K.L.:
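Here it is, the structure in full.
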Number of protein chains: 6
Amino acid sequence: MKRVVCFGEIMLRLNPPGYGRFVQAESFAASFAGAESNVAVSLSNYGVDAAFVSKIPAHEIGQMAVNALRRYGVDTSLILRGGSRLGVLYLEKGAGQRASKVIYDRSDSAFALAERGEFDWDRIFSNADWFHFTGITPALGENGAALCREAVQAAKKLGVKVSCDLNYRKKLWSIEEAGRVMGGLMPYVDVCVAGWETAAALFGIAAEGSDAVINVPSKDNCVSIAKKLTERFGFESMAVTMRGNISAVENTWSGMLYTGGAAYFGPEYKIQIVDRIGGGDSFSGGLIYALLENYNPRRAIDFAVAASCLKHSIENDFNLVGLEEVESLLAGDASGKVQR
Amino acid sequence: MKRVVCFGEIMLRLNPPGYGRFVQAESFAASFAGAESNVAVSLSNYGVDAAFVSKIPAHEIGQMAVNALRRYGVDTSLILRGGSRLGVLYLEKGAGQRASKVIYDRSDSAFALAERGEFDWDRIFSNADWFHFTGITPALGENGAALCREAVQAAKKLGVKVSCDLNYRKKLWSIEEAGRVMGGLMPYVDVCVAGWETAAALFGIAAEGSDAVINVPSKDNCVSIAKKLTERFGFESMAVTMRGNISAVENTWSGMLYTGGAAYFGPEYKIQIVDRIGGGDSFSGGLIYALLENYNPRRAIDFAVAASCLKHSIENDFNLVGLEEVESLLAGDASGKVQR
Amino acid sequence: MKRVVCFGEIMLRLNPPGYGRFVQAESFAASFAGAESNVAVSLSNYGVDAAFVSKIPAHEIGQMAVNALRRYGVDTSLILRGGSRLGVLYLEKGAGQRASKVIYDRSDSAFALAERGEFDWDRIFSNADWFHFTGITPALGENGAALCREAVQAAKKLGVKVSCDLNYRKKLWSIEEAGRVMGGLMPYVDVCVAGWETAAALFGIAAEGSDAVINVPSKDNCVSIAKKLTERFGFESMAVTMRGNISAVENTWSGMLYTGGAAYFGPEYKIQIVDRIGGGDSFSGGLIYALLENYNPRRAIDFAVAASCLKHSIENDFNLVGLEEVESLLAGDASGKVQR
Amino acid sequence: MKRVVCFGEIMLRLNPPGYGRFVQAESFAASFAGAESNVAVSLSNYGVDAAFVSKIPAHEIGQMAVNALRRYGVDTSLILRGGSRLGVLYLEKGAGQRASKVIYDRSDSAFALAERGEFDWDRIFSNADWFHFTGITPALGENGAALCREAVQAAKKLGVKVSCDLNYRKKLWSIEEAGRVMGGLMPYVDVCVAGWETAAALFGIAAEGSDAVINVPSKDNCVSIAKKLTERFGFESMAVTMRGNISAVENTWSGMLYTGGAAYFGPEYKIQIVDRIGGGDSFSGGLIYALLENYNPRRAIDFAVAASCLKHSIENDFNLVGLEEVESLLAGDASGKVQR
Amino acid sequence: MKRVVCFGEIMLRLNPPGYGRFVQAESFAASFAGAESNVAVSLSNYGVDAAFVSKIPAHEIGQMAVNALRRYGVDTSLILRGGSRLGVLYLEKGAGQRASKVIYDRSDSAFALAERGEFDWDRIFSNADWFHFTGITPALGENGAALCREAVQAAKKLGVKVSCDLNYRKKLWSIEEAGRVMGGLMPYVDVCVAGWETAAALFGIAAEGSDAVINVPSKDNCVSIAKKLTERFGFESMAVTMRGNISAVENTWSGMLYTGGAAYFGPEYKIQIVDRIGGGDSFSGGLIYALLENYNPRRAIDFAVAASCLKHSIENDFNLVGLEEVESLLAGDASGKVQR
Amino acid sequence: MKRVVCFGEIMLRLNPPGYGRFVQAESFAASFAGAESNVAVSLSNYGVDAAFVSKIPAHEIGQMAVNALRRYGVDTSLILRGGSRLGVLYLEKGAGQRASKVIYDRSDSAFALAERGEFDWDRIFSNADWFHFTGITPALGENGAALCREAVQAAKKLGVKVSCDLNYRKKLWSIEEAGRVMGGLMPYVDVCVAGWETAAALFGIAAEGSDAVINVPSKDNCVSIAKKLTERFGFESMAVTMRGNISAVENTWSGMLYTGGAAYFGPEYKIQIVDRIGGGDSFSGGLIYALLENYNPRRAIDFAVAASCLKHSIENDFNLVGLEEVESLLAGDASGKVQR
């Protein structure tokens, strides 16, 4: 069994039930969220030996996060326990023309305050085949950026493949700062994943030709971005997600994989959204699985797009689908017909 | 008041709230489900004297099932109480491209183990005008098939009209077995109801011309199937439901009634699905009502299609609509405008 | 800060959770509803000093209503406490082709039994800039009509601007009675708001040209109605809401403002409905705000339409959106993209 | 099977979940309540053919009430459907030193406005063995008193045994008025049930000797009251309930049956209260069952006390216990031990 | 109407439903909590003009806190809006021998980071009769202590009476630090409230004679503590709460008021706990009300003890009882009898 | 870290919310239950490497069971996946004098149908220190008894210590059959746990002297039973649980450990029950932990009793307490005081 290590922050996610607004809420659904832990759960659901590495307080709220991951089979034995707070992500689901809202309360979390030297990378990467991180950790501050550098350098040294989802968060840092810091990490990255806009904006590539209304890129645009970045940073592969925002509950969804000098586009789905948070992470999870399994590029991008299409039908951040469900969608069964 | 006897199994239906997946569930909504009891509830809501006949354990879970039927006015006085377990149907609602899932846990239920001779058909059919059963009971095994034979023979003898919904369930038996057993029961049936695919597959009729994408049949196809089966089995009428599976939450819905050598098509609705389980049963319920009331064929199929269109907007298996609501939809009010 | 007084009844609104039917309900969501209090909440959310005037029983159910308003910042200090019952509005949400249902249980409420002389209009209107009432209060009976006359006369005398939403409710009175009584109040009204059908029907104006299927008016029709009524009653402005009923969960939505002899049409939105009750009231709330702020007619109607578009995405009657959310939609962000 | 007719009002009962206060409530549990319908449900649960007679609006809220009764097997076929509103009972459960609160909103309900002549007593009493009513119906006003007179006279004429629970409600009428009206009905009553205080107060009997703290009567006191009333009105039997109010969640509970010149006291239970509403009604239900079955006086009062003891452990008004559960408690199993 | 200003932090309180443990939670009830805001709500419920002063983020989670206070009539117009986070208090309710647990996540909250000079005390105290703060604010750090000094000095200067609940929180600071800082504030305090242990420990007074098992103090002990502190700091009055911890769901509860050189003891209640958080605050609220109304010392302490006894029967921090309910308990109605 | 293997069935546990009766339920809380898995969870919470061995269907309901165990850190890698159904346990919680009810629907579960040879005991016991099973598995039928024999023989051979909770279930087999089968297994058992009644009844030992009312044994009785069985079967230790059934929500609770010829009694607690299911299992869990840690007999029995006392305050079967909580109770903190 292949082993993947995902490294990042996990937060308590609190959202009002249904389409309720914050100011109406008398209770919050409590789940756990984080770009990298989302990927770990996806991989565990596909049968991969997925470990999540982070720093989480020793108190019960921290334990809830650990348990949420164990529930879905993620290896939590490498998590450091300590610090005083778990970050909180307040989420209000949008509907129709009303957008979803995220309020971060993640400053000074146990993970954000973790420092170089706390993680024993040699032990973490023993037996690992793959390492995944995202642009959110460096966005947390100097500590986060330093930890990522430490991690990718160790991974490279130990021959562990490295993937990164650029995941730009404008509430956390500026586009310039992000470009500078992420640019420094890219040379260590084998597989880069990004939304098309992020990829272009972060590294100063002009992107034209997208559909103005729902903001989908042209295929040429995607290829051009991936080509330029691959050349600049020497990626083995670059994948780009292509979301079209029709409304808060309806999107189009697809993705492209650029590898070996060629671009492969996955199917485009029109999706009714149950919960879009974690959609991009489920794409990364699908892609990493496919690449670990040595799928050819076409099958790999198809798998990643189908897996993440299904995520949008599932509440909370984690993509709780199995291999056979992704395969069934790829085989053409998008009809939602009841099996009985 | 006309009296209809429905005969079959009723199960505890357990589904996670909303669009939750099984693996996320910390609670299940508990309701009761069964093709034949669904028909009985439909009929009771239209003012028909509907009795449900089954075998249900004497314990409280069994009592819950009885109470669920009594709540909507179904006569439960003919139900045998005994046996040890009530079958369970676990249901996970699909969304978008993710299909709904059904897990049956119905083996060895009190009803599945009921044997010939346990039901006093003469008493059951006293004052009855109509008898309804479905292909699910014979699918439960030898006992079920024998009970159905016993029942239809008694009904014929006593001059009670017989309807049957073919209702093929591939998780219960093979298409060949189903065709053989159901074929033996058909000569006793006056009114046959079926999805177009089931009707064709069960009795070896080639069916072409359907829309490949959402799997709706051509009208010609439906007529051809009904014509052939009517001729083969001597039905008084045969009704065919026509569902187009666009996604787990969107379908097209219509139906056809073939009677007196002519085919009548009902309206086609595009439906946003709240809960599709029981949709076919609500069609049977509407059709039986219309035929009991001697509606002409056009009005009968219109009523059945409109009634079952409304079912898709209602949670759980039972079709909780009244006559005036079906009539209002037929009169053209599909706008969902608030009346106040 | 501008001060607006809204006058009318507030009721306990009871609805089954989700899309549940009344006959399935084991619990009711409890909120508070009333055309005029809905407007007060809208205005308070935009930062206006909004007072709600009514008569509400002194018991705890009445207190719940008062608290619901205080929660959103509405001034409740002018509310009379007394009488014995708070009106109840039972609401069942429709889905697909199944319409929403309203059952009123509002007869003999504390407000419906309030009499002339109970309200001290001089005190109520001290410092007030605007007075808003709707056609529902006169529909409650002689007392309601008399109170409205008393109120608008006092408002006029004290130089307070008067707005009225015609809000015809056929379950409360006949169209003829409504036309007669409302006609008597219109000369005191500066700004009149109405659905296009109500406006036409109430005052006997022929209205043609609407789209037969979803019942949207032609623009010409709207202008013609507004022009005639403005001339007849001397309104300063007349606003018309334009709803197209596609299904219980999908509508089109727009509106027109006729003022200074010219008609201004707002944007048309296609809306996925979370809760449409209070949609018209949120239009009035947006319009009053815009007029208080001296927006030009184009910006005023745009604001009113966008504000009420957003309401349809929010559970319960109150439109819980702030200025920046309305402005953001007007600025073109209807994509529902998550901000993070 | 014996047949009992219960006559009275049924209301929608709305209570905040758990121990929530009204002013905290965002939802209400919805159930149905009424002294006489509670008795009918008790009897149906014991296997008696129990019919409930009332007048209930034809709308869906009325249908909910009918369905609640049908669910537990009560015959609802004699209920008149009409009028416009169903009475509402708002209930807030107390805890510790905080008392439960009831807010009635029952004026002008369909039942309260029902008039003499609307009920066909000859039909209602055909095949009936027993008629039960309570002091709440006459408390609703002139109509209610007249209907009760009409009913008891018909019952007497037709040889139907009559029971009455005095059930004084001080929010509905004065003690003097109640004494006068109920006094006029007592001569038709065979079996009278009352709380000891009510019995004494209503008919001007001095009652001394009760425990001052928790307000339980002395046994002598109970006997004295029952003896005097039996002599005055010629009851066949009189039963008295004896509640000791320790706190909102803890009571003592017992009862006495006075018949044939002798007094029989049931067991005294110390009860942890889940829901005390309907406790007295469950006593009447148990007593009527025992008398219908010709239990001897000792067994009859034991059964009534044990049945109503169990009621206090059950949410909502209805006493959902079966014969075997009452018998098991009487047989001494009050330990709450799990059976498995 | 008297006006009271309460100053302190308000936090989001998150607790699993019922007796659920943190590690079982899939949702949290969301309410708002803080010693000083709890006092403000108590006072508002008694009809006092109560204002709450704090610093709260401008985002929606902050708005929820403001709305929670407005809902119960607290004046929130003096609250500063700013900063980035609202403190969070995670609460797990204990049962039986399992203690309740509190996890604070309040560091770096908007209030904890507020600085001297941000609050305009002259404006805040205009028209104020009373100022209330607690030992929690100085425990938040240097800023908090400085703000309290600033506030009490301003209050003294403006002739506003000052009360303080010592409220020692060992998770926030050491007993030595607390004694030193609080000692510096006491000279400005007119009315001091404290649990008996806190009062003794904070200022180094030996306290003997308490019941070892449930930890209730002897009356002599309480008097002795109050006498010493009154003499040391020159309080006008000192009140001491006396809680006996029998189990997580059962406590004894009483209190003493020491004023004018004499000690007055309130009634002792045995309480079944629904929610004990906020119990002490409700005592302060009752006491301040009684002193504002110039109750004599006996009536004042009785009122405070009865008011806070009732709090323990109410979910969440706020004491949602009215004057008449406290009076009713004082009048001896602790039986929890239903009023109907 | 010590490793314990627990072997048995795990079932889906379905119970109505709160104190609701089955016939009132519209939903069920879904959790997982089984004597042996409960022990595994207890041990995992104390930091032991606990593995659960069973056979569980491969479908999603089976996966829910696996996930429930993983969530709390239990090693599920040895579980066989197969068979068609997971057993169901319906539970209705009692209150006051109303007993809790259990309805088993566990026949023909995947585990009950598992056969000799399916489990690879050598692999299962590699690295194991302890093996735990209960009398429920042999009660499931011949297969279960054979599997237990196979397991204990393998354990003995491999030097793994064996514990057994006799756990007699009268709904599954007769006392005679149980005595015979369990008697055959006892020689392999090192540590035997049982309720005092079970221990006596199963092996034909007269047990006198218990308190007749709440059914607690005399200490002498317990010692006598343990002494006799220890002598008969050669146990290293025998532990006896001592429950006094006061009511469905109140019990007394203690236990005794007989080892080395001496008896040690733990503390006796009076417990307010939140959920008593799993109470005995949590005693076994505590005892096994204490013995693994080589606690002396006094400390061992104290730990087991305190651990299981706390279980009664926790919803569902699993005992979710940590070491420090048990230690804190043993240290005398039973006051339920909030720590803050």
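Owing to the predicted nature of the structure, the values given are computational and were not obtained by experimental measurement. So you know, we letter chains A, B, ... as the sequences are listed, proteins then strands, and number each from 1.
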K.L.:
With chain B as the partner, which of F:His59, F:Arg21, F:Gln63 has the greatest number of non-hydrogen pairs under 4.5 Å?
P.N.:
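Of the candidates given, the most pairs with chain B belong to F:His59.
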
K.L.:
Go through the atoms of F:Val88 and report whether side chain, backbone, both or neither lie under 4.5 Å from a heavy atom of chain B.
P.N.:
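The side chain, not the backbone.
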
K.L.:
Can you confirm whether more than 12 heavy atoms, excluding those of F:Glu142, are under 6.0 Å from its CD atom?
P.N.:
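Atom CD in F:Glu142 is not crowded, with 12 or fewer foreign heavy atoms closer than 6.0 Å.
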
K.L.:
How many angstroms lie between atom CG of F:Leu86 and atom CG of B:Asp105, to the nearest 0.5 angstrom?
P.N.:
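One gets 8.5 Å once the value is rounded to the nearest 0.5 Å.
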
K.L.:
Give the minimum heavy-atom separation between B:Phe22 and F:Glu60, together with the two atoms involved.
P.N.:
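Taking every non-hydrogen atom into account, CD1-CB, 3.6 Å.
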
K.L.:
Under a 4.5 Å cutoff for heavy-atom pairs, which residue among F:Asn15, F:Ile61, F:Leu14, F:Val23 has the most contacts with chain B?
P.N.:
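Highest number of pairs under 4.5 Å: F:Ile61.
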
K.L.:
Could you tell me whether B:Glu26 and F:Arg71 make a salt bridge, using a distance below 4.0 angstrom between a side-chain N and a carboxylate O?
P.N.:
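Salt bridge: yes.
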
K.L.:
Show your reasoning for whether side chain to side chain contact (heavy atoms under 4.5 Å, CB included) applies to F:Tyr90 and B:Leu12.
P.N.:
CA-CA 12 Å; F:Tyr90 296 100; B:Leu12 172 61; 3.4 Å; yes

